[in-house]
Each structure stands twice: as structure tokens, then as C-alpha cells.
**Student:** 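Okay, here's the structure, questions in a sec.
So that the names make sense, note that chain A is the first sequence line, chain B the second, and so on, each numbered from 1. Owing to the predicted nature of the structure, the values given are computational and were not obtained by experimental measurement.
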Amino acid sequence: MAYNALKGIQDILPPDIHIWQKIESVAREVFQRYGFQEIRIPIIESTDIFIRSIGETTDIVEKEMYTFPDKAGRSITMRPEGTAPAVRCYVEHHLYNLPSPQKFFYSGPMFRYERPQKGRFRQFYQIGVEAFGVSQPSIDAEVIAMLKNLLEGIGLKEVNFELNSIGCEKCRPDYKNALLKFFENRLSDFCPDCQRRYNTNPLRILDCKVERCIELRKGAPAVAEHLCGNCREHFNELVSRLDLMKISYTLNPNLVRGLDYYTRTTFEVTSEHLGAQKAVAAGGRYDRLVEEFGGPSTPAIGFAIGMERIATLLKEIWSDEHPSPKIFIATLGKEAEIEGFRIAEDLRAKGFWVEPNYAGASLKSQLRKADRIGAELALIIGENELKAGKIQWKNLKKGEQGEVEIKDIQAILTDNIQPSNP
RNA sequence: GUGGGCGUAGCUCAAUGGCAGAGCACUGGACUGUGGCUCCAGUGGUUGCGGGUUCAAUCCCCGUCGCCCACCCCA
């Protein structure tokens with residue numbers, strides 16, 4: 001084997017690709033009902049865009065970005081996530097001048113230079129949505145409902161919605177200070193990672209899995225108690241909307257997003273059927289980001305779905321469903337092969353998936369192939385049939401067989417198979 | 001970046017310091033032009049790569065590359 005795909009980067013082939021297509025088609029259908037329109041945005045951007053939005057001290061920016069100089073020496077980065085490019089797009093095209101809200105979705109690969117593991121890759125695919133221009137919590141609830149409908153639409157069950165508010169630029173600093181104060185004099189008892197987090201992202205200490213740290217942080221100030229009036233009201237309203245829609249969720253005060261731009265609402269959908277990387281979708285508000293990118297103050301909210309993780313879950317549900325040919329044409333001899341070629345084109349024009357026999361082979365091996373590729377109907381053309389202007393047909397699922405004049409093929413097809421493939 | 005596990009046929013995996021195997025898949029035959037089931041045969045390997053120990057290494061040792069899982073972090 002001369003070449004392999006790069007570490008953490010994988011090919012997606014049939015039959016897996018059919019699961020991906022299913023996810024994408026359901027997503028499009030759901031997004032349309034909620035008025036989210038597709039945008040196509042680049043996979044490379046100026047490096048600054050990600051540093052400014054995600055945060056200079058985050059792991060993503062510090063060590064996970066594919067960054068390189070282009071031929072003119074500009075620093076280019078392959079997008080590690082989609083929100084920052086979407087916001088850049090929104091501001092660049094002055095979309096804030098259009099009626100508010102503007103709601104978009106996009107899909108495609110993201111890139112992070114990480115050590116791969118279950119559910120984590122260096123090139124991974126997301127479907128992302130962003131809604132600009134609404135500060136009311138109703139859109140938070142709507143976006144979460146849309147995500148729920150999407151996941152249900154593709155048949156995904158047994159997922160948990162987790163919800164939190166991390167406050168706004170007014171109340172988050174207060175909370176952070178309260179947290180720092182709480183950890184200050186017992187910091188040396190925490191694990192090395194938490195001691196590092198104390199400086200980089202103290203909210204993350206709340207999420208540490210080390211048992212000693214879990215014990216030590218009991219009694220730490222809760223974010224809910226430090227939200228300002230507006231943020232508390234926003235969160236309460238969101239929660240009551242979700243209750244109204246009978247969407248079940250778990251309040252998780254430790255749900256901290258790693259990206260700097262998040263404000264207020266954060267949420268995550270997790271599954272227990274995955275490995276350590278169990279979030280299948282996640283998102284939140286980023287009310288400051290548009291302004292930071294040079295646009296007018298514009299609230300916004302979005303989420304991203306991890307395609308590989310969803311596909312992993314769906315693989316179990318969607319085990320053997322994949323498209324297969326409807327008709328196989330088996331022929332014996334050059335003349336028959338040419339006639340079969342003509343019939344194949346005719347049937348394809350009528351919308352059927354037709355597989356011919358390309359190379360000469362025994363009828364036995366041709367029918368074996370027809371069976372193995374999952375064809376429903378075999379058409380057999382040999383010397384005898386050519387002379388008589390007829391073909392043999394065989395229903396491979398039922399085992400029934402018969403003979404029909406070539407001009408009457410259509411009747412056999414409608415008796416034996418569906419008129420077209422999905 | 002850190003830690004652990006694993007690399008043998010297309011796939012899933014055996015094996016022993018002494019001829020490298022099975023199942024599945026693929027091709028053909030039993031059945032001159034009729035699939036699935038059965039039976040038979042065939043194709044397919046520098047045992048990831050490099051070095052070392054040894055009369056002899058797929059096996060033991062060292063290095064290296066790759067994959068997997070976990071930590072960190074995140075979709």
C-alpha cells in the first residue's frame with residue numbers, strides 16, 4: 001500500500017455515504033420549515049478571523065489550527081469551526097440591512113490538528129446554523145426545537161439536551177471572579193489540569209472529571225446565582241418555552257463552552273452510545289460577535305451538528321438500507337450484448353437503475369452477480385431470444401420467470417418492480 | 001502534547017523460536033443458457049517498515065511508521 005489518507009482524515013464510502021445523504025436531506029427539509037437558507041462559505045479564511053472570535057488562549061487557536069502562509073505571505077487558516085466565517089460573511093455582505101432575522105445553514109468540513117480518537121477527526125463535517133438579529137429567548141427555543149425535530153427526523157433517539165446560561169459581558173466577569181475567589185486558597189489540592197485551568201478558563205474546573213476535584217468543588221458558586229436580571233429573565237423565558245413545547249432537557253450548570261464568543265444560552269446534545277466524545281450537536285448565543293467583526297450590535301445564536309458522530313449512531317439503526325439496482329441485463333454473445341445495451345438506455349430514460357453485463361461471462365455468473373448486487377429483476381437475452389424478438393425475465397426476489405416480447409417489457413416492469421428509484 | 005492497546009490474505013482473525021493457516025469475500029466447476037442453498041477447486045502474503053539476538057524470527061529485543069482507545073480539548 002503506497003499511500004494512505006492523512007492521520008485523522010477519512011474517506012466516506014458507500015454504504016456509509018447513504019447515511020450522510022439521509023442526514024443532509026432531512027436537515028434541509030427541516031431547515032426550510034424554519035426559514036433557514038443555505039449559504040456556501042469558504043473553508044479557508046484569514047487567520048485573524050479565528051483568533052479574534054474563538055479566543056487567543058483557547059486550545060483551538062493555540063495548537064489545533066491548520067495555519068499556513070499563502071504565496072503572498074498572508075496567514076491563512078483552514079476553518080476549525082463555522083460560526084466565525086459565517087459572521088464574517090454576514091458582516092461583509094451587510095446582511096444586517098436585510099429584514100431581521102437572517103437565518104442560515106451551511107455544511108462542510110472543519111479542520112483541527114488533534115490526536116484522533118473515537119468520534120474525533122482532523123477533518124470532520126458539521127452542519128451549522130446561525131440566526132442573526134433576535135435577542136428574544138423565543139429564537140433560542142425555536143433553534144433548539146428545530147434541532148430536536150432534525151434529530152427525530154433522522155430517527156435518532158436516546159439523546160439528552162443539556163442547557164445552561166453563562167451570562168453576558170456584564171455578569172460573567174462577576175461570576176468568574178466569584179469562582180476564582182472560591183478556588184484561590186485550595187488550588188494546590190486540585191489536579192494539575194485544574195490548576196492550569198484556573199488561569200486559562202476557570203469555568204472549566206467545574207467540568208473536571210477527576211474525583212478529587214469533583215469533591216473539592218462542592219459548594220462552588222453556581223452560575224445561576226450570578227446571572228444579572230436580564231440574563232436570568234432570558235434564561236427563565238427560554239426554559240418555560242421549552243416546557244411549553246414539551247422538550248425535555250437537563251439543566252447543567254457545568255456546561256461550559258470552550259469558545260470565547262459564547263454568551264448567555266449554551267446547549268449541547270449528547271448520546272451515551274458514543275465514546276468519550278459524546279456531543280452530537282452543540283451551540284449557543286454569541287451576542288457580541290457581529291459587533292466585534294465590525295458590524296452593528298447584533299445578537300445571534302447558532303449550533304453545529306457533528307456529522308460523523310450522528311452517522312455513527314445511525315449506523316446501528318439503518319443497518320442494511322442502501323439503494324441497489326432494479327434491473328440487471330444478462331446477455332450471451334456480442335449481438336445480444338448490443339441489444340441489451342440499447343434496452344438499458346431505454347429503461348434508464350424511463351427512470352430505472354439498470355446494470356448491464358459489461359464483459360462476457362457465463363449466464364450463471366451473470367445471474368450470480370445480479371443477485372449479489374441486489375438487483376430485483378434480471379432480463380436475459382441470448383441467441384434464441386434475439387431470433388424470436390423476445391427476452392426472458394426473472395424476478396430475483398420471488399424466483400418467478402417468464403418470456404415477453406421486447407416491445408412489451410414495460411408491462412413486466414410494472415408487475416415486478418417499482419417504477420423508479422428514490 | 002501525554003498515556004495505554006494493536007499491526008499476519010481484500011475483510012474478520014488463528015498459529016508456533018522450525019514448511020504461514022481458517023472463515024468470509026472473489027473466480028471457476030459440479031449444472032453447455034438460469035442467482036440464492038450445498039459440495040469441490042483456484043486466485044490471493046516480502047507476517048507494516050528498518051535493524052538486532054539466533055543455526056533458524058510472524059514470534060524475542062530496539063527503533064520507526066500507521067491504526068485504535070483514553071487524557072487534554074471539542075462537533
**Student:** Could you work out, with salt bridge (Lys or Arg N to Asp or Glu O under 4.0 Å) as the rule, every residue matching A:Lys369, not counting sequence neighbours?
**Tutor:** none
**Student:** Is a salt bridge present between A:Glu376 and A:Lys394, judged by a nitrogen-to-oxygen distance below 4.0 Å?
**Tutor:** no
**Student:** From B:C72, B:A75, B:G1, pick the nucleotide closest to the side chain of A:Glu114?
**Tutor:** B:A75
**Student:** Describe, in one word, how the ring planes of A:Tyr90 and A:Phe132 are oriented to each other, choosing from parallel (under 30°), tilted (30 to 60°) and perpendicular (over 60°).
**Tutor:** parallel
**Student:** What is the separation between atom CZ on A:Phe111 and atom C1' on B:C73, rounded to the nearest whole Å?
**Tutor:** 19 Å
**Student:** Measure from CG on A:Asp260 to P on B:C73 and round the result to the nearest Å.
**Tutor:** 14 Å
**Student:** Can you see whether A:Phe36 has A:Arg33 sitting over its ring - NZ or CZ less than 6.0 Å from the centre and within 45° of the normal?
**Tutor:** no
**Student:** For the pair made of CG in A:Leu255 and P in B:C73, what is the distance, rounded to whole Å?
**Tutor:** 14 Å
**Student:** Taking 4.0 angstrom as the limit, do A:Glu152 and A:Lys148 come out as a salt bridge?
**Tutor:** yes
**Student:** Hey, what are the protein-to-nucleotides 63-66 of chain B N/O distances that come in under 3.5 Å?
**Tutor:**
none

**Student:** How far, in whole Å, is B:C69 from B:U54 if one measures between their C1' atoms?
**Tutor:** 36 Å
**Student:** In whole Å, what separates the P atom of B:C6 from that of B:G63?
**Tutor:** 16 Å
**Student:** Check whether the side chain of A:Gln117 and the base of B:C72 form a donor-acceptor pair under 3.5 Å.
**Tutor:** yes
**Student:** Salt bridge check, A:Glu114 against A:Arg120: does any charged N sit closer than 4.0 Å to a carboxylate O?
**Tutor:** yes
**Student:** Pick the P atom in B:G35 and in B:C26, then give their distance to the nearest Å.
**Tutor:** 15 Å
**Student:** Considering only atom P, compute the distance from B:G29 to B:U12 and round it to an integer number of Å.
**Tutor:** 30 Å
**Student:** Going by distance alone, is a donor N or O of one side chain under 3.5 Å from an acceptor N or O of the other, for A:Asn416 and A:Asn395?
**Tutor:** yes
**Student:** In this structure, how many angstroms lie between the P atom of B:G4 and the CZ atom of A:Arg115, rounded?
**Tutor:** 11 Å
**Student:** In terms of side-chain geometry, is the basic nitrogen of A:Arg212 or A:Glu215 positioned less than 4.0 Å from the acidic oxygen of its partner?
**Tutor:** no
**Student:** Just how far, in rounded Å, is P of B:C72 from CZ of A:Arg112?
**Tutor:** 16 Å
**Student:** Pairing donors with acceptors under 3.5 angstrom, does anything connect the side chains of A:Tyr106 and A:Gln126?
**Tutor:** no
**Student:** Distance check, P atoms only: B:G21 and B:U16, in whole angstrom units.
**Tutor:** 15 Å
**Student:** I'd like the P distance from B:G48 over to B:U8, given in whole Å.
**Tutor:** 6 Å
**Student:** Between A:Glu81 and A:Lys63, which residue's closest nucleotide on RNA chain B lies nearer the 5′ terminus?
**Tutor:** A:Lys63
**Student:** I'd like the P distance from B:A9 over to B:G3, given in whole Å.
**Tutor:** 29 Å
**Student:** Is any side-chain N of the basic residue among A:Lys387 and A:Glu385 closer than 4.0 Å to the acidic one's carboxylate O?
**Tutor:** no
**Student:** Tell me whether the rings of A:Tyr261 and A:Tyr286 are parallel (<30°), tilted (30 to 60°) or perpendicular (>60°).
**Tutor:** perpendicular
**Student:** Quantified in whole Å, what is the C1' atom distance between nucleotide B:G7 and nucleotide B:C49?
**Tutor:** 11 Å
**Student:** Are A:Phe31 and A:Phe105 close enough that their ring centres sit under 6.0 Å apart?
**Tutor:** yes
**Student:** Whole angstroms only, please: what is the CD-C1' distance between A:Gln195 and B:C72?
**Tutor:** 15 Å
**Student:** For A:Arg342, is there an ion pair with A:Asp346 - N to carboxylate O distance below 4.0 angstrom?
**Tutor:** no
**Student:** When you check every protein heavy atom under 4.0 Å of nucleotides 28-48 of chain B, what one-letter string (B, S, -) results, 5' to 3'?
**Tutor:** S--B-BBBB------------
**Student:** Could you spell out the base pairing of RNA chain B in dot-bracket, with Watson-Crick or G-U pairs whose two distances are under 3.5 Å, [ ] crossing and | to another strand?
**Tutor:** (((((((..((((....[..)))).(((((.......))))).....(((((..]....))))))))))))....
**Student:** Could you check which residues of residues 268-286 of chain A get a heavy atom under 4.0 Å from RNA chain B? Sort them by number, please.
**Tutor:** A:Gly275, A:Ala276, A:Gln277, A:Ala279, A:Val280, A:Ala281, A:Ala282
**Student:** Nearest 0.5 Å please: distance from the CD atom of A:Gln21 over to the CD1 atom of A:Ile12.
**Tutor:** 10.5 Å
**Student:** What is the distance, rounded to the nearest whole Å, between atom CG of A:Leu151 and atom C1' of B:A75?
**Tutor:** 12 Å
**Student:** Is a donor from one side chain sitting under 3.5 angstrom from an acceptor on the other, for A:Thr200 and A:Thr57?
**Tutor:** no
**Student:** Can you spot which of A:Arg88, A:Arg79, A:Arg52 makes a salt bridge (Lys or Arg N to Asp or Glu O under 4.0 Å) with A:Glu45?
**Tutor:** A:Arg88
**Student:** Counting only non-hydrogen atoms, which of residues 118-127 of chain A are less than 4.0 Å from RNA chain B?
**Tutor:** A:Lys118, A:Gly119, A:Arg120, A:Phe121, A:Phe124, A:Gln126
**Student:** Taking side chain as C-beta onward, heavy atoms only, is A:Thr298 less than 4.5 Å from A:Glu291?
**Tutor:** no
